[in-house]
Chemist: 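Handing you a structure now.
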Protein chains: 2
Amino acid sequence: MPDTTADKQRSMLNEARCQTCSLSSLCLPLALEFPDMDQFDAIIRRRTPLKKGEALFLQDVPFTSLYAVRSGSLKQVTTEGCGEDQLTNFYLPSELVGLDGIDEARYPGSVIALETTTVCEIPFDRLDSLSQEIPELRGQLFRTMSKELRDDRRMMRLLSRKTADQRLASFLVSLSERFRRRGYSPYSFRLSMSRADIGNYLGLAVETVSRILNRFQRQTLVAVSGREVHILDLDSLSRVADEQGVDSPCAH
Amino acid sequence: MPDTTADKQRSMLNEARCQTCSLSSLCLPLALEFPDMDQFDAIIRRRTPLKKGEALFLQDVPFTSLYAVRSGSLKQVTTEGCGEDQLTNFYLPSELVGLDGIDEARYPGSVIALETTTVCEIPFDRLDSLSQEIPELRGQLFRTMSKELRDDRRMMRLLSRKTADQRLASFLVSLSERFRRRGYSPYSFRLSMSRADIGNYLGLAVETVSRILNRFQRQTLVAVSGREVHILDLDSLSRVADEQGVDSPCAH
DNA sequence: ATTCCTGGTTGATCGAGATCAAGTAATGAT
DNA sequence: ATCATTACTTGATCTCGATCAACCAGGAAT
């Protein structure tokens, strides 16, 4: 029996089904048993890879689907009024894109690939119906949104209370943590985003990002070469990330 | 038949059931028809009013319920590590408190009444079950969380790009908007929070809040007397809230 | 009425980080 | 290989808002 082109394409992607996907323990279906996972798998649409710079969707386009990142990475950018863009999030494999579009039925920001990136498209109406039948799926969806709320609050804290040093350190530690959870090295990784992206995300000027990375390097906290990062002292870096003023030693 | 004390208490609250609650068009059950609303109403627990300064719940306490604000207002405060508190949200009537606690099964911040405040307790496990049977309820829950995500992103933009003036203006305009939606005057209202709370929330020092409110007053944008606010020129205030640098006239 | 205390205002100074400016390295197109 | 463009770095200056300090106003307690 000859393969259809769809079969071919599917077989080319090395993890074309949730059941065999290496991310399944981190992704939406993480709480599902096999029969349920089949159902979930059935509503997913695999998309052809995005090239660097391509948009997954543009701001204000009608909301239809969530997207789970399969490989690569993306950034979310919101252009408000006439102002400068605001980069509100980076997305790594297994993370869910588009949750903030449900309410107004359009995406509140554009989501752009930072490198070659593949995603699974999850039509939201199908997901909603399925979440009626599968309580574990519904629960996971609630938890995912709830976690994103928590992360947002942490980001607010970073933006309103932390110094530039603390922001950069937090950013690196957080990336390290996310890579670790995904099975990559928490100590060596490549930044898929530019310094400008980092600055925009952290509320800092590019120059400041550059300078502080440089200083971290001189302090042998990290070794940075272009976008290649080696974390040399994760403990100290974490300490920098949420140190108080030098005068308040935290524990009393 | 003599009233039970529970009956008495219920009758004392002028809007003791969702069906007759004046907030029902803004609150969670807004999408529900009558039979469904009865079911929803049945899982709600009314709580005795909180006095000013009392906690609805404390940080890190196990998550059990969401709370819908019925009257009054609250603030959410997160104490991270040894650092200063971060005020991450104010809650007004009809708004839903506690969504960020679902994921980790405990509340990520304390929620404190800013004045005498009444809330409806919604046990989350009951709500989850009910959302299985009532798709409209489930949808409303998703939308509510999604909206909160969007609002958070707006807050990040405020914290990372806006000047102190823009922050204060945004804050006042946003409050005005929220009061309007709830049927109160968008031009005259009383701040239930202190200057310190406002500063903490907006990432500004108390002194800055005070100074800028004063300047807005001199510019006849508002009239402020203690916590009493009269908005005199909402249009200009909105323009201040998201103006660009004076040099970029936005439309080209 | 007096004291205390918290919340708010006003003034003076200082510093972290933005902005401006210039230069260098990397990337991609012809 | 050459040029053009974008990404990144480094230095000098300036500014917004924090911080420090003093003071004022209104409630609550005595």
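Values below: all heavy atoms of this structure, side chains included; hydrogens, waters and symmetry mates excluded. These figures come from a predicted structure and were not determined experimentally. The chains referred to below are lettered A, B, ... by the order of the sequence lines, with proteins before strands, and numbering in each begins at 1.
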Chemist: Has the side chain of B:R211 got a donor or acceptor atom sitting under 3.5 Å from an opposite partner on the base of D:dT19?
Modeler: yes
Chemist: Please work out if B:G199 contacts a base, only the sugar-phosphate, or nothing of the nucleic acid, heavy-atom cut-off 4.0 Å.
Modeler: nothing
Chemist: Go through C:dC20, D:dG17, C:dG11 for me and flag the one nearest to the B:E207 side chain.
Modeler: C:dG11
Chemist: Give a yes or no answer on whether the side chain of B:N200 reaches the backbone of B:D85 with a donor-acceptor pair at less than 3.5 Å.
Modeler: yes
Chemist: Compare side-chain N and O positions of A:T163 against OP1 and OP2 of C:dA16 and report whether any pair is under 4.0 Å apart.
Modeler: no
Chemist: Does A:V206 offer a backbone N or O that forms a donor-acceptor pair with the side chain of A:R195 under 3.5 Å?
Modeler: no
Chemist: Does a side-chain N or O of B:R227 approach OP1 or OP2 of C:dG7 to a distance below 4.0 Å, or not?
Modeler: no
Chemist: Which nucleotide sits closest to the side chain of B:S210: C:dT9, D:dC8, C:dG7?
Modeler: C:dT9
Chemist: Report the C-alpha distance between A:S170 and A:K162 in whole Å, list the side-chain angles of each, state the deciding distance to 0.1 Å, and finish with yes or no for side-chain hydrogen bond (donor to acceptor under 3.5 Å, both in side chains).
Modeler: CA-CA 9 Å; A:S170 299; A:K162 293 196 177 185; 3.0 Å; yes
Chemist: Between C1' on D:dG11 and CG on A:N214, what's the gap in Å once rounded to a whole number?
Modeler: 13 Å
Chemist: Please give, in whole Å, the distance from D:dA18 C1' to B:L168 CG?
Modeler: 15 Å
Chemist: Expressed in angstrom and rounded to an integer, what is the separation of A:D197 atom CG from D:dC8 atom P?
Modeler: 8 Å
Chemist: In whole Å, what is the span from the CG atom of A:L204 to the C1' atom of D:dT9?
Modeler: 16 Å
Chemist: Taking the six-membered ring for Trp, are A:F189 and A:Y184 ring centroids under 6.0 Å apart?
Modeler: no
Chemist: Using a heavy-atom cut-off of 4.0 Å across all strands, would you classify B:A205 as base, sugar-phosphate, or nothing?
Modeler: base
Chemist: If I take atom NZ in residue A:K52 and atom P in nucleotide C:dG28, what distance separates them, rounded to the nearest angstrom?
Modeler: 7 Å
Chemist: Tell me which one of B:R70, B:R182, B:K147 satisfies salt bridge (Lys or Arg N to Asp or Glu O under 4.0 Å) with B:E95.
Modeler: B:R182
Chemist: When the distance from CD of B:E84 to C1' of D:dA18 is rounded to whole Å, what number comes out?
Modeler: 12 Å
Chemist: Would you mind reading off the distance between A:L114 atom CG and D:dA7 atom C1', rounded to a whole angstrom?
Modeler: 15 Å
Chemist: Within this structure, what is the CZ-to-P distance between A:R161 and D:dG17, rounded to whole angstrom?
Modeler: 15 Å
Chemist: Looking only at side-chain N and O atoms, does A:R195 come under 4.0 Å of OP1 or OP2 in D:dT9?
Modeler: yes
